[in-house]
Amino acid sequence: MSIGEKLAQVRQEIRTAALAAGRNPEEITLIAVSKTRPLSAVEEAMLCQQLDYGENRPQELAQKQEAYPQLRWHQIGQLQRNKVKLVVGKAVLIHSVDTLSLAEAIEKRAATLDIVQDILIQVNISGEASKSGVAPSEAIALCEAVAKLPHVRIQGLMTISVKDADDEENQRIFGGLQRLAEEIDGKKFPNVSMKERSMGMTHDYKAAIAAGATMVRVGTGIFGPRDYATIQ
Ligand SMILES: *Cc1c(COP(=O)(O)O)cnc(C)c1O
């Protein structure tokens, strides 16, 4: 299947999952995860009206954003403080903020550029030691602290489920992020919105939509398997 055909299939499945959950399909943004893919793959998806793209390496995001500034680039992978310069002002949304020090580095860069950078707080709901993200018990305090930074705006939460999770485990993780977002929303921190929940990848986006995802991040489901050997 071509990228266009796979994209059409994923869009259809998002629609079906949203309607099955009694949700409006329009409130779900599909982020095509183009990490490791050449620009030609992005072009193919772009011709099918795909606007949002996810990258996990800051350098790669910066290069692709420069080639296609009219597209919406999302930083979904871990971000180190010394790489902040590459993505602030270039990414429409940074999904992976999990410490105050990272938020402060983004604040500093955004202030220099005189912009407000939209971010999500990444939460480690699964509890897997290997996953990045702030612990759920510390998420509220982090949001409260980040809320005070004038050039950073929290738009919601992000999480990653575990590989091979069953329905019950996915329900626990995605449902957990949804409930945490509702709890934070209830605190009415100034400058903090909980409008976005970024959760769900190729193997679990339908479960994430059932649990309230507003952004799903799909890579292999659109572009096929990644070949890490070909990139450098
Ligand atoms: C790579 C990646 C994805 C996409 O994964 P697929 O399984 O290819 O859909 C989603 N989210 C994050 C954070 C990623 O790093």
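Each residue takes its place number in the sequence, starting with 1. Just so you know, ligand 1 is whichever comes first in the structure, and atom 1 is the first atom listed for that ligand. This one's a predicted model, so the numbers in the text were calculated from it and none came from an experiment.
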### Task
For Val218, counting its heavy atoms only, list the atoms of ligand 1 lying under 4.0 Å from any of them.
9 (O)
## Note on the structure
for atom 6 (P) of ligand 1, nearest protein heavy atom and its distance come out as Thr202 OG1, 3.4 Å
### Query
Looking only at heavy atoms of His95, does any of them come nearer than 4.0 Å to an atom of ligand 1?
no
#### Entry: ligand 1 atoms in contact with Gly219 (distance to a heavy atom under 4.0 Å)
4 (C), 6 (P), 8 (O), 9 (O)
### Query
So between His74, Met201, Lys35, whose heavy atom ends up nearest atom 14 (C) of ligand 1?
Lys35
#### Entry: Distance-minimising heavy-atom pair for Ser96 and Leu102
O-CD2, 3.7 Å
### Task
Using only heavy-atom distances, determine whether the side chains of Ser161 and Asn170 contain a donor-acceptor pair under 3.5 Å.
yes
#### Entry: Pair Lys187 + Glu144: basic N to acidic O under 4.0 Å
no
### Query
Is Glu169 paired with Arg172 through a side-chain N to carboxylate O contact shorter than 4.0 Å?
yes
### Message
What I want to check is whether the side chains of Glu55 and Ser34 have a donor and an acceptor closer together than 3.5 Å.
### Response
yes
### Message
Taking 4.0 angstrom as the limit and counting only heavy atoms of Arg217, give me the atoms of ligand 1 inside it, by number and element.
### Response
4 (C), 9 (O), 10 (C), 11 (N), 12 (C), 13 (C)
### Message
Need the ligand 1 atom indices (1-based, order shown) with element for anything under 4.0 Å from a heavy-atom of Ile160.
### Response
13 (C)
### Distance from atom 13 (C) of ligand 1 to nearest protein heavy atom, with residue and atom
Ile76 O, 3.6 Å
### Query
Looking only at atom types and distance, does a side-chain atom of Glu104 sit under 3.5 Å from a main-chain N or O of Ile106, one as donor and one as acceptor?
no
